[in-house]
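Read through the structure below, which is laid out as structure tokens, and then see the notes.
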Amino acid sequence: MRHSGSVAVVVSNSLTSLSSSRVLYVYTDRFSPTHIRPSFGPVSGGTRVTVFGSGMLNVTALSAAFHGTVLRPVSPDSKVPVFLSPPDDVGMFAVVIYTHGVSVAAEFNFEYVEQPILHLLDPSVAPPGGGNIVTVMGKNFRENAVGLRVGVQYPSIRFMSSTHVAFPAPPSSPGTVAVEVITTGNDDTTQTTLPFLYVADVEIHKVSPTAGSYEGGDVVTMYGEQFSQRPEMLCRFGSRLQTTATVLSASTLLCNTPPAQRSANISLDVGRVGVGYSSTKLAFSIETPTLTTIAPSSGSVLGGTQ
């Protein structure tokens, strides 16, 4: 067997007479496939599978049989052979690489898996700056083989189980984007997508009245910007006391003050469920009754004085 390199080719019309002209013929190392990537894909097919290896490659000379289905490269003019996996059943099957349709160059395993399905996002909203953690519920998620596309962005994810993954919401302008799941190594997407809403940051400017009773139940009016019915809005009195807000318009909402144990000067802000609270806060006072006088100020020792 010859090694790679160039040799001269001359023509002879006898065993002793050689032509004076000659041409070069190049021996090249045979292409030796080493692996395919990715090595799995959905049963629906369509996964772009790349064959990697060493040696001189003539892509047009290659073909691949996925579980017996023979395919030609999708881009014969490319320097790297890529095949589109055909549909098949769930399972691990052989992929045989052929040269010139005859010689077996290599054989690899390719696994067909169930298509990932999305069911629910919790929460399904985020502020424009993103950052809040979103849990994705579904099925057929695979560790180290699942990714997410949020709009046109690909956030990092944390695999929790075959039914749960989580991701930090990436920044985006206000509006609704689609969330899709993809398999690592290709752009396979789910048959389902879920909407994800980016909502503008809430701003508050004024509260009226600026004080309420420690017994709670007082109605206060908040004035600001970007109030909305969805997601649900909350008023926060201090750092822990929360009540549900009633949105009247994009600039006005109502809140009932919660009960408190004592009088205090606290902060008041508004936010959205699953998103967080506004960066601005207003001053608010919790007041307890103060005894100033009684009338009458004396009475009989026998009682009964009113």
Side-chain angles (χ1 to χ4, degrees), residues 120-137 158 160 164 166-172 174 196-306:
L120 182 68
L121 302 175
D122 181 30
S124 58
V125 293
N132 56 319
I133 302 300
V134 181
T135 300
V136 183
M137 286 157 271
R158 180 168 64 91
M160 302 164 69
H164 290 74
F167 70 94
S172 181
F196 191 74
L197 178 64
Y198 283 91
V199 290
D201 290 326
V202 174
E203 295 184 24
I204 53 175
H205 303 317
K206 179 182 177 183
V207 58
S208 179
T210 59
S213 167
Y214 80 103
E215 296 178 328
D218 298 316
V219 178
V220 297
T221 303
M222 301 281 291
Y223 302 95
E225 299 177 35
Q226 307 297 340
F227 300 160
S228 61
Q229 299 283 354
R230 176 178 177 269
E232 186 178 49
M233 298 201 69
L234 301 172
C235 291
R236 181 170 63 176
F237 294 80
S239 59
R240 293 189 297 272
L241 300 177
Q242 301 178 5
T243 61
T244 301
T246 300
V247 178
L248 301 182
S249 69
S251 58
T252 308
L253 58 77
L254 305 178
C255 281
N256 291 326
T257 60
Q261 296 181 346
R262 57 184 176 81
S263 60
N265 294 320
I266 60 175
S267 62
L268 173 59
D269 57 359
V270 298
R272 294 186 173 94
V273 174
V275 178
Y277 286 88
S278 60
S279 58
T280 54
K281 301 178 185 294
L282 300 176
F284 192 79
S285 297
I286 301 293
E287 299 178 343
T288 56
T290 300
L291 183 64
T292 56
T293 185
I294 59 173
S297 59
S298 62
S300 170
V301 294
L302 299 178
T305 302
Q306 295 185 350

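This structure is a prediction, so every number in the text was calculated from the model and none was measured.
- One finds the CZ atom of Phe284 at 12.5 Å from the CG atom of Asp269 (value rounded to the nearest 0.5 Å).
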Exercise for review: Give the intermediate values and the outcome of side chain to side chain contact (heavy atoms under 4.5 Å, CB included) for residues Arg158 and Ile133.
Suggested key: CA-CA 10 Å; Arg158 180 168 64 91; Ile133 302 300; 5.5 Å; no
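- For the atom pair OH of Tyr223 and OG of Ser251, the computed distance is 9.0 Å after rounding to the nearest 0.5 Å.
- Thr243 places no side-chain N or O within 3.5 Å of a backbone atom of Cys255 that could act as its donor or acceptor partner.
- Nearest heavy-atom pair across Phe237 and Pro258 is CD1-CD, 3.4 Å.
- In this structure, the side chains of Val220 and Pro209 come closer than 4.5 Å at one or more pairs of heavy atoms.
- Side chains of Leu197 and Ser124 form no contact here, defined as non-hydrogen atoms less than 4.5 Å apart.
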**Study point:** Residues Ser228, Arg272; criterion side chain to side chain contact (heavy atoms under 4.5 Å, CB included); working and verdict
**Key:** CA-CA 9 Å; Ser228 61; Arg272 294 186 173 94; 3.3 Å; yes
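- Taking CG of Leu282 as the start and OG1 of Thr210 as the end, the distance is 10.0 Å to the nearest 0.5 Å.
- For the atom pair NZ of Lys206 and OG1 of Thr252, the computed distance is 10.5 Å after rounding to the nearest 0.5 Å.
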Review point. Hey, mind stepping through Thr244 and Leu234 against side chain to side chain contact (heavy atoms under 4.5 Å, CB included) and telling me if it holds?
Key: CA-CA 5 Å; Thr244 301; Leu234 301 172; 4.1 Å; yes
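- Side-chain atoms of Thr135 and His164, non-hydrogen and from C-beta on, do get closer than 4.5 Å to each other.
- Side chain of Asp218 to main chain of Ser213: a donor-acceptor pair is present (N/O by atom type, distance under 3.5 Å, no hydrogens or angles).
- One finds the OG atom of Ser278 at 11.5 Å from the CD atom of Glu225 (value rounded to the nearest 0.5 Å).
- What you find for Pro123 and Val134 is that their closest heavy atoms are O-CG1, 3.2 Å.
- The two atoms that bring Lys281 and Ile204 nearest to each other are CA-CD1, 4.2 Å, heavy atoms only.
- Smallest separation of non-hydrogen atoms from Tyr198 and Pro128: CD2-CA, 4.2 Å.
- Side-chain atoms of Asp201 do not come within 3.5 Å of backbone N or O of Gln226 as any donor-acceptor pair.
- Nearest heavy atoms, Met233 versus Phe227: SD-CA, 3.7 Å.
- Of the possible polar contacts, one joining the Gln229 side chain to the Val247 backbone as a donor-acceptor pair under 3.5 Å is found.
- Between Leu248 and Leu253 the shortest side-chain heavy-atom distance does not fall below 4.5 Å.
- Leu268 and Cys235 get closest at one heavy-atom pair: CD1-CB, 4.4 Å.
- The backbone N or O of Gly217 lies less than 3.5 Å from a partner atom in the side chain of Thr257, making a donor-acceptor pair.
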